[in-house]
Amino acid sequence: MQRIKGRWRDLVLEELKELAREEYNLDPEQIDGAHLVISTPPEEKLGDLALPLFPYAKVLRNAPPKIAAQLCERVNAAAAAQELGTAETAGGYLNLRLNRDQLIEPALAEVFKAGEEYGRADTLNGVRTVVEFSCPNTNKPLHLGHLRNDALGESVSRILKFAGSEVRKVNLINDRGVHICKSMLAYRTFGEGATPESEGTKSDHFVGDYYVRYSQWEAEEPDAERQAKELLQRWEQGDPETVDLWLQMNRWAIDGIEETYKRTGVGFDAIYFESETYKAGRDEVLKGLERGVFYQAEDGSVWVDLTDIDLDQKVLLRSDGTSLYLTQDIGTAIQRHHDWPFERMIYVVASEQNYHFKVLFSVLERLGFNWARNLYHLSYGMVNLPEGKMKSREGTVVDADLLLDKLNEMAVSEITSKAREDEISDLHGTAERIALGALHYFLLQTSPNKDMVFDPAASLSFNGNTGPYLQYTCARISSILRKAEAAGIEPPSAESLPEDLAGLLAHADEWQLVKQLAVFPEVVAQAAEGLNPTVVTTYVYELAKAFSGYYHEVPVLRAESPEQVRARLALALAVRQVIANALRLIDVPFLERM
RNA sequence: GCGCCCGUAGCUCAGCUGGAUAGAGCGUCGGACUUCGAAUCCGCAGGUCGCAGGUUCGAAUCCUGCCGGGCGUACCA
């Protein structure tokens with residue numbers, strides 16, 4: 001589609017310049033091509049593409065409808081020569097109608113030929129991008145907020161890759177600090193040698209339970225906090241007993257969290273640990289201090305003054321010389337660029353840290369790293385509940401594993417209520433894929449920067465604009481294909497597409513679908529540019545909806561001729577391929593049956 | 001106080017690098033299963049795009065102010 005749009009645009013622009021020269025005595029250079037944008041008419045019957053001509057009224061000193069009329073005549077003559085299609089006017093618009101032969105066959109052939117690769121764009125070819133996301137604490141299991149983060153990070157990474165970028169997904173495990181010591185302290189005090197195995201508890205939940213236990217204990221034990229801080233000191237001093245306990249509990253926490261990653265299809269190319277990087281920023285800060293980028297206060301603390309760019313003065317090293325969160329992020333960024341020199345690094349982190357990243361990026365720039373200009377904070381909004389914010393103190397935090405279990409149960413009962421258990425080979429596995437589809441689609445449907453409301457009861461229905469709806473559309477197409485094969489129809493493939501596809505697919509819905517398929521690579525490029533999976537969710541839903549309406553109205557296997565059956569089958573398979581490719585980008589599993 | 005973000009149908013959300021009559025799902029109401037799977041399809045109703053100005057041939061989209069909400073403004077992370 002991109003190619004066809006480009007040809008039309010070139011053609012129209014040339015004719016517009018000619019028109020300006022011949023009819024208006026203007027230098028063609030005065031026609032600014034930047035104003036010539038191709039859009040889509042509001043209604044199908046108006047045409048396939050639209051070009052508003054209003055911007056040229058001023059330079060041509062004529063009314064847009066008149067310009068459109070003059071231009072239309074010329075464009076039609078030129079387009080006919082290239083067999084591109086026809087143009088017509090509607091007010092100040094020049095509307096274009098494409099020659100269907102030029103799109104239908106090439107577009108479907110391309111989908112079949114490229115298969116899983118169809119839609120790949122090249123807009124980011126060669127760009128090395130680091131995407132940091134998830135970044136869990138090792139004192140409790142993942143919750144709904146992490147799920148949004150993970151879905152975004154994973155999806156954006158896949159989208160960037162599909163747009164040609166070389167992507168390295170990284171995680172930063174927050175495995176140090178006083179909050180970690182709190183669950184350690186509670187375990188040491190109350191654990192009595194219990195293990196996740198002995199309790200039959202998922203290991204990260206096991207650790208989280210002790211963090212909760214600490215909070216309860218803290219309420220009645222005034223000395224609790226002091227003990228936690230003391231434990232942190234012992235850890236920093238490398239006390240063997242403390243370090244052993246820390247290693248053990250971190251292992252439990254991380255093992256459990258990794259189980260959840262595996263369950264949700266999330267993965268990383270490199271994992272960083274704060275316990276290993278938290279001192280790394282120190283040296284960089286001290287170097288910066290020597291070079292006069294930072295300054296030292298009387299008490300020994302080191303500061304950066306960002307007031308000249310309307311930020312504050314921030315502490316980079318405490319008066320006792322220890323690192324802060326910001327310090328460690330400086331070190332981590334530098335280390336990552338050293339490990340794998342990147343052009344861009346994207347941090348997927350909640351919007352509450354907007355200020356933090358402004359400061360971080362400014363500091364790195366002041367330290368003279370030229371790559372610092374290409375750091376980007378992909379900020380996303382809070383996930384709230386219908387009752388309001390999630391609060392750990394009130395126990396309203398939605399646990400990731402429990403949510404997935406709940407969704408799985410719902411999917412199982414949906415399948416059994418339709419008496420479809422016998423149709424699918426793996427009930428639990430299928431339910432799990434439906435659950436994931438529902439969850440990820442839901443989380444990615446809202447633009448990242450916006451807060452969202454998560455209603456567990458209503459919002460994760462499997463009907464309507466949902467992940468399972470998309471999976472269902474694919475399952476239906478798969479079902480049609482199975483029926484065709486059973487009937488001895490040779491399924492269309494890249495090597496054996498029916499002749500005269502354009503002639504056989506003459507229905508208005510078929511034309512609409514082909515146009516939607518053809519535009520997918522542009523959708524990918526747009527999603528990549530905007531770092532926005534919502535572009536994909538919106539697109540794939542519209543495609544599935546269009547196909548659902550189509551196959552209800554137009555029979556595939558009972559078409560008028562065997563050739564037409566194969567043509568419609570080819571279209572259906574192409575639609576399934578594109579939906580599947582799009583689903584992969586938003587981490588929604590594809591299903592043949594459900 | 002200051003800074004950043006958000007405000008679109010009863011609810012949840014698209015649309016925002018300006019373009020034709022603002023879209024979807026849920027919910028309400030009404031239709032379609034002896035016919036490729038009804039997790040589906042078709043239809044009705046539902047809007048001062050928070051308010052007020054401004055820029056423009058044209059504003060949900062850009063600018064300013066105000067109102068409402070969120071987040072931040074730690075030698076926490």
Side-chain angles (χ1 to χ4, degrees), chain A residues 37 39 41-43 46 50-55 57-58 63-64 90-93 95 135 137 174 176-179 274 297 299-303 310-312 314-329 350-356 358 379 381-382 384 386 389 411 414-415 417-418 420 423 434 438 442 445-447 449-455 458-459 461-466 468-473 475-484 487 529-530 534-535 537-538 541-542 545 548-559 565 568-569 572 593-594:
Chain A
V37 292
S39 59
E43 279 182 272
L46 288 170
L51 296 117
L53 296 171
F54 305 96
K58 193 170 275 178
Y93 292 88
N95 290 332
C135 305
N137 292 334
N174 182 355
R176 65 166 288 275
V178 74
H179 52 294
E274 294 196 343
D299 63 5
S301 56
V302 177
W303 296 69
D310 290 331
L311 299 174
D312 296 309
K314 301 291 293 184
V315 182
L316 297 177
L317 286 177
R318 292 192 183 95
S319 49
D320 64 6
T322 58
S323 296
L324 288 93
Y325 175 52
L326 182 59
T327 327
Q328 126 191 325
D329 258 356
S351 59
E352 36 188 18
Q353 297 196 31
N354 285 356
Y355 184 71
H356 168 76
K358 274 192 188 175
S379 166
M382 306 278 110
N384 297 316
K389 287 170 66 80
E414 184 81 12
I415 292 167
S417 75
K418 294 180 189 327
R420 289 196 55 80
E423 302 281 336
I434 293 169
F442 184 82
Q445 213 183 4
T446 301
S447 305
N449 68 326
K450 290 191 183 175
D451 289 352
M452 64 185 288
V453 174
F454 182 88
D455 183 341
S459 302
S461 127
F462 298 153
N463 302 321
N465 187 355
T466 63
Y469 171 81
L470 304 169
Q471 293 170 318
Y472 177 74
T473 307
R476 289 295 301 271
I477 295 172
S478 302
S479 176
I480 293 172
L481 177 66
R482 285 194 296 270
K483 282 231 156 57
E529 192 193 341
T534 305
V535 174
T537 60
T538 304
Y541 173 69
E542 280 169 4
K545 187 177 155 69
S548 298
Y550 165 71
Y551 82 76
H552 264 267
E553 191 184 333
V554 180
V556 173
L557 298 178
R558 288 182 192 78
V565 169
R568 288 183 179 164
L569 213 43
R593 304 167 198 258
M594 61 190 282

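Numbered from 1 within each chain, the chains take letters A, B, ... in sequence-line order.
Taking the side chain to side chain donor-acceptor pair (under 3.5 Å) definition, one finds that A/Thr534 meets it with A/Asn532, sequence neighbours left out. Every residue was checked against the salt bridge (Lys or Arg N to Asp or Glu O under 4.0 Å) condition with A/Arg593, not counting sequence neighbours, and none meets it. Every side-chain contact (heavy atoms from CB on, under 4.5 Å) that A/Ser39 has, sequence neighbours left out, goes to A/Ala50, A/Pro52. A search for side chain to side chain donor-acceptor pair (under 3.5 Å) contacts involving A/Asp320 returns A/Thr322, not counting sequence neighbours. Remark: A/Glu529 engages no residue in a side-chain contact (heavy atoms from CB on, under 4.5 Å) (not counting sequence neighbours). Taking the side-chain contact (heavy atoms from CB on, under 4.5 Å) definition, one finds that A/Tyr550 meets it with A/Asp509, A/Glu510, A/Leu513, A/Phe547, A/Val554, A/Arg568, A/Leu571, sequence neighbours left out. Every residue was checked against the side chain to side chain donor-acceptor pair (under 3.5 Å) condition with A/Lys545, not counting sequence neighbours, and none meets it. With sequence neighbours excluded, the residues forming a side chain to side chain donor-acceptor pair (under 3.5 Å) with A/Asn465 are A/Tyr441, A/Gln445, listed by chain and number.
Using P as the reference atom, B/G27 and B/A59 are 37 Å apart when rounded to the nearest Å. Nucleotides B/G19 and B/C4 have their P atoms positioned 25 Å apart, rounded to a whole Å. Nucleotides B/C57 and B/U40 have their P atoms positioned 48 Å apart, rounded to a whole Å. Nucleotides B/A9 and B/C5 are separated by 22 Å at their P atoms, to the nearest Å. Here, B/C16 and B/C33 have their P atoms 40 Å apart, quoted to the whole Å. Comparing the C1' positions of B/G31 and B/G70 gives an interatomic distance of 43 Å, to the nearest angstrom. Atom P of B/A74 sits at a distance of 33 Å from the matching atom of B/U12, rounded to the whole Å. Taking atom C1' on both nucleotides, B/A77 is separated from B/G25 by 38 Å, rounded to a whole Å.
Take the nearest nucleotide of RNA chain B for A/Glu553 and for A/Val453: the residue whose nucleotide is more 5' is A/Val453. When each of A/Lys58 and A/Asn449 is assigned the nucleotide of RNA chain B bearing its nearest heavy atom, the one mapping closer to the 5' terminus is A/Asn449.
One interatomic measurement links the two molecules: NZ of A/Lys358 to P of B/G72, which rounds to 15 Å at whole-angstrom precision. Atoms NE2 (A/His179) and P (B/C76) sit 13 Å apart, rounded to a whole Å. The interatomic distance linking A/Leu311 (CG) with B/C2 (P) rounds to 17 Å, in whole Å. Atoms NE2 (A/His356) and P (B/C76) sit 14 Å apart, rounded to a whole Å. Counting to the nearest Å, the C1' atom of B/G25 and the CG atom of A/Asp455 are 14 Å from each other. In this structure, A/Leu557 atom CG and B/C36 atom C1' are separated by 5 Å, rounded to whole Å. A straight line from CD1 of A/Ile477 to C1' of B/C36 spans 12 Å, rounded to a whole angstrom. Atom CE in A/Met452 sits roughly 17 Å away from atom P in B/C71 (whole-Å rounding).
Among the atoms of the strands shown, only primed sugar atoms or phosphate atoms (P, OP1, OP2) are found under 4.0 Å from some heavy atom of A/Glu274. In this structure, A/Asp312 reaches the sugar-phosphate backbone alone: every heavy-atom distance under 4.0 Å involves primed, P, OP1 or OP2 atoms, never a base. Among the heavy atoms of the strands lying under 4.0 Å from A/Val554 is at least one base atom, whether or not backbone atoms are also near.
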Can you tabulate the close N/O pairs, meaning under 3.5 Å, that link protein atoms to atoms of nucleotides 15-21 of chain B?
{"from": "B/C16", "atom 1": "N4", "to": "A/Lys450", "atom 2": "NZ", "distance (Å)": "3.4"}
{"from": "B/G19", "atom 1": "O2'", "to": "A/Tyr93", "atom 2": "OH", "distance (Å)": "2.2"}
{"from": "B/A20", "atom 1": "O4'", "to": "A/Tyr93", "atom 2": "OH", "distance (Å)": "3.3"}
{"from": "B/A20", "atom 1": "N6", "to": "A/Asn95", "atom 2": "OD1", "distance (Å)": "2.8"}
{"from": "B/A20", "atom 1": "N1", "to": "A/Asn95", "atom 2": "ND2", "distance (Å)": "3.2"}
{"from": "B/U21", "atom 1": "O4", "to": "A/Glu43", "atom 2": "OE1", "distance (Å)": "2.5"}

Grab the N/O contacts between the protein and nucleotides 68-70 of chain B below 3.5 Å, and write none if there aren't any.
{"from": "B/G70", "atom 1": "O2'", "to": "A/Asp451", "atom 2": "OD2", "distance (Å)": "3.3"}

*For RNA chain B, what string of dots and brackets results from 5' to 3' when Watson-Crick and G-U pairs need both distances under 3.5 Å, crossing pairs get [ ], and pairs with another strand get |?*
(((((((..((((.....[...))))..((((.......))))......(((((..]....))))))))))))....

*Is there a side-chain contact (heavy atoms from CB on, under 4.5 Å) between A/His179 and A/Asn174 once you walk through the steps?*
CA-CA 10 Å; A/His179 52 294; A/Asn174 182 355; 3.6 Å; yes

*Stepwise side-chain contact (heavy atoms from CB on, under 4.5 Å) test for A/Met382 and A/Glu352*: CA-CA 8 Å; A/Met382 306 278 110; A/Glu352 36 188 18; 3.7 Å; yes

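Between the side chain of A/Ser319 and the backbone N or O of A/Ser301, no donor-acceptor pair lies under 3.5 Å. In terms of modelled atom types and a separation under 3.5 Å, the side chain of A/Ser461 and the main chain of A/Asn463 share a donor-acceptor contact.
Taking the six-membered ring for Trp and the full ring otherwise, A/Tyr472 and A/Phe462 have centroids separated by 6.0 Å or more.
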*Let me have a per-nucleotide readout for nucleotides 37-47 of chain B, 5' to 3', with B, S or -, counting only protein heavy atoms under 4.0 Å.*
BSBBS------

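Taking CE from A/Met594 and NZ from A/Lys418, the interatomic distance works out to 9.0 Å, rounded to the nearest 0.5 Å.
Taking the six-membered ring where the residue is Trp, A/Tyr541 and A/Tyr469 present tilted rings, their angle falling between 30° and 60°.
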